[in-house]
Amino acid sequence: MAEVRTLLVWCPDWPVTAADIVDGVDAAGPVAVLRENRVIACSEAARQDGVRRGLRRREAQSRCPRLVVVEHDSGRDARAFEAVVAAVEAVAVGVEVIRPGALALAARGPARYFGGEEAAAERIVEQIAETCAVESQVGIADGVFAAGLAARDGRVLGPGETVAFLAGLPIAAIDRPELVDLLKRLGVKTLGDFAALPAGDVLTRFGFDGALAHRLAGGRDHRPLAVRQPPPDLDVADTYDEPLDRVDVAAFAGKVLAERLHDRLAGHGLACTRLGIEAVTADGQELHRVWRHDGTLTAAAIAERVRWQLDGWLTGARRGAPARPTAGLVRLRLIPDGVLVHLGLQPGLWGDAGADRERAHRAFSRVQGLLGPDALVTPVPTGGRSADDQIRLIPWGDERDPHRPTAPHTDPIPDLVTVPLQAHGGAEVIELSARRSSRPAEKETLATVSHLPAPARRLLELVPPAASVPAEAHVGGLTVVAVPPGPRKGRGRRVADPAAGLPPWPGRLPKPAPAVVPLRPPAAVVVDESGTPVGVSARLELTGEPAALLVERGSPIEISGWAGPWPVDERWWATGESRRRARFQVALIDGRALLLTLAGGHWAVEAIYD
């Protein structure tokens, strides 16, 4: 039986392209996608520097020091590729997704419609480029396997040319490393050599998988195309002869569309969680806005959001909103941008029902309709080493994605417990940490305190041996970490591995967390007793004793105690994300406690303790 003429679309370096589309990674630069610490895809710029598939991370980075490394995410690749599949389905039917980055369809239909196989290939490449701004190549041959290899060179093989084309390719083209290695040692160098072997002998010697590879090498696919069912068209739209320039008239039209959309979704057993609203004015201006919701949108909720959005567009120039359209609306379209099976939604346990919550949701959504999605944001705890990294602000209704993973923990370091210290002279209390030694020690000494006020020093001079240290001691406004004497890292003794459960952000800011984190850290200056600005050398040595703090040209405030510096040098491999700075905790004479950072010779107030 003759193989079906197959058209295969291949997007080169798709994991890199998907990272560009979803995460904003610059695919024009040197980028490598890694899985299990090995390169599985890289950009053209990375290949020019010698990066290849299969290299380990360290080898790849040694060949290209400016390489941007991205972890592989199959879900990200599939989500990004859905737009390419939809673009191809707009001009051809019967698409099968081979994997993210490759799809196939029977060539007969598009070839007859567009006037030939080469014309069909050119039209599909143009469609993908115009719709998705993605580079692609097309190969046409007898069978999916041969078409995939032809797509690497953008070739269109004529009928009957497939077997000769495959015969000259190296045996590595079958993409089975263990089998390829064995065949090479047996002297089989090309697909033609492999295809010439008797099928029975191949099955006996190499098993079922080897028999399938032998069939592919001979230009015969082992299964027909599995055509996917296109998703249903759920959009609703309407066109109006008379332009809608009044809010009440437009709101009524939007309510009709909202009910139609809800009925269509219900017919498929779906519910909407993200709604796109599009409008076209009489003079051709296009308007678009996406509304997000952390629950399902009912018909009334959809109608409300459409009315709010139309009100925001048609009134315009209010509360900082964009100027109103220059003409009335002649077309409205509602797009269910995010859908899920309605019966699969499980409400949460706290605050997911009740009139108060619904009123709050409506008020917040109303504000977003007038001022835009970014006008109302909520904080989400996330991972990071500094106070400004550990909270991410996202628009109300968006997915509460922490962006960077973090693990819950009770103490910043295993075997470390929190102990309050007593304040003197009305100073505020900061919870501090003291280490419990697993073995008795003669006496504990300070590890991270650089300077203590006189009351603190007097108290520490009276500290008895570790076995009799009181459960609570008090010192004004400082972070004190006491450690037992013994071998330190780098003194010839091996340090024990950290205990399991250590959070995935070593070097993160220890507890307690600061109460206030400014969006824009105020500039500051730390000076010594003579008024000379204090800095930090390359060896992390202070150029002077911190004595006073000036914040944004304010009056000097005496520093009663300070701790640090703690250096942070992170993400040096990522362009635009690297940061190198030193952190300090300071207690002021007026009782306040601050977290200061020194970066590039400039001080800033990163956070304020309560």
Side-chain angles (χ1 to χ4, degrees), residues 8-85 97-103 125 128-129 132-137 139 148-149 151-154 170 172-178 180-181 382-385 389 392 401-406 504-507 568-580:
L8 189 138
V9 179
W10 174 61
C11 298
D13 308 322
W14 181 253
V16 176
T17 304
D20 184 5
I21 296 172
V22 177
D23 297 334
V25 178
D26 184 13
V31 181
V33 178
L34 272 67
R35 180 174 59 200
E36 298 178 356
N37 209 38
R38 288 189 180 274
V39 177
I40 63 170
C42 59
S43 63
E44 180 61 30
R47 279 194 292 272
Q48 291 177 359
D49 288 343
V51 180
R52 295 292 185 270
R53 291 181 57 187
L55 290 180
R56 291 188 178 273
R57 178 197 294 261
R58 182 172 297 180
E59 175 66 19
Q61 290 177 330
S62 67
R63 296 188 181 187
C64 180
R66 58 194 182 98
L67 185 68
V68 177
V69 175
V70 180
E71 291 298 326
H72 179 246
D73 184 350
S74 57
R76 176 186 62 205
D77 297 349
R79 289 193 303 272
F81 194 59
E82 182 63 27
V84 177
V85 178
V97 178
I98 307 298
R99 63 182 180 279
L103 61 87
V125 170
I128 296 174
C132 308
V134 170
E135 178 186 354
S136 61
Q137 296 179 195
L149 296 177
R152 304 296 175 122
D153 299 325
I174 61 175
D175 199 20
R176 287 168 169 80
E178 294 183 1
V180 167
D181 180 66
T382 184
R385 295 181 175 86
D389 290 334
R392 181 189 182 199
D401 179 15
H403 183 62
R404 291 172 175 167
T406 186
W505 291 97
V568 178
D569 188 2
E570 58 181 347
R571 303 192 66 79
W572 47 266
W573 60 88
T575 305
E577 298 182 25
S578 60
R579 292 201 297 184
R580 190 171 186 268

Between [atom1] of [X] and [atom2] of [Y], what distance do you get to the nearest 0.5 Å?
X	Y	atom1	atom2	value
Trp14	Glu135	CH2	CD	11.5 Å
Asp175	Leu149	CG	CG	9.5 Å
Cys42	Leu55	SG	CG	8.0 Å
Glu44	Asp49	CD	CG	10.5 Å

So which heavy atom on [X] is nearest to which on [Y], and how close?
X	Y	value
Ser136	Pro12	CA-CD, 4.3 Å
Ala46	Leu67	CB-CD1, 3.9 Å
Phe81	Cys11	CE1-SG, 4.1 Å
Ile128	Val134	CG2-O, 3.6 Å
Asp153	Gln137	N-NE2, 4.1 Å
Ala60	Val51	O-CG2, 3.9 Å

Exercise for review: May I have the step-by-step check of side chain to side chain contact (heavy atoms under 4.5 Å, CB included) for Asn37 and Arg58, ending in yes or no?
Suggested key: CA-CA 9 Å; Asn37 209 38; Arg58 182 172 297 180; over 6 Å; no
Point to revise | Glu82/Arg79 salt bridge by N-O under 4.0 Å criterion | key: no
Review point. Is atom CD of Glu71 surrounded by more than 12 heavy atoms (other residues, nucleotides or ligands) closer than 6.0 Å?
Key: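 Check passes, neighbour count above 12.
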Review point. If you count the non-hydrogen atoms of other residues, nucleotides and ligands that lie under 6.0 Å from CZ in Arg52, is the total more than 12?
Key: yes
Study note, to complete from the structure: Given the options Ile21, Ile40, Val33, Val16 meets side chain to side chain contact (heavy atoms under 4.5 Å, CB included) only with Val33
**Study point:** side chain to side chain donor-acceptor pair (under 3.5 Å) partner of Glu59, chosen from Arg57, Gln61, Arg63
**Key:**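 Checked Arg57, Gln61, Arg63 against Glu59; only one passes side chain to side chain donor-acceptor pair (under 3.5 Å): Arg63.
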Practice item. Please test Asp26 against Val68 for side chain to side chain contact (heavy atoms under 4.5 Å, CB included), starting from the C-alpha separation and ending with a verdict. Key: CA-CA 9 Å; Asp26 184 13; Val68 177; over 6 Å; no
Practice item. Output yes when a side-chain donor or acceptor of Arg580 lies under 3.5 Å from a complementary backbone atom of Asp569, and no otherwise. Key: no
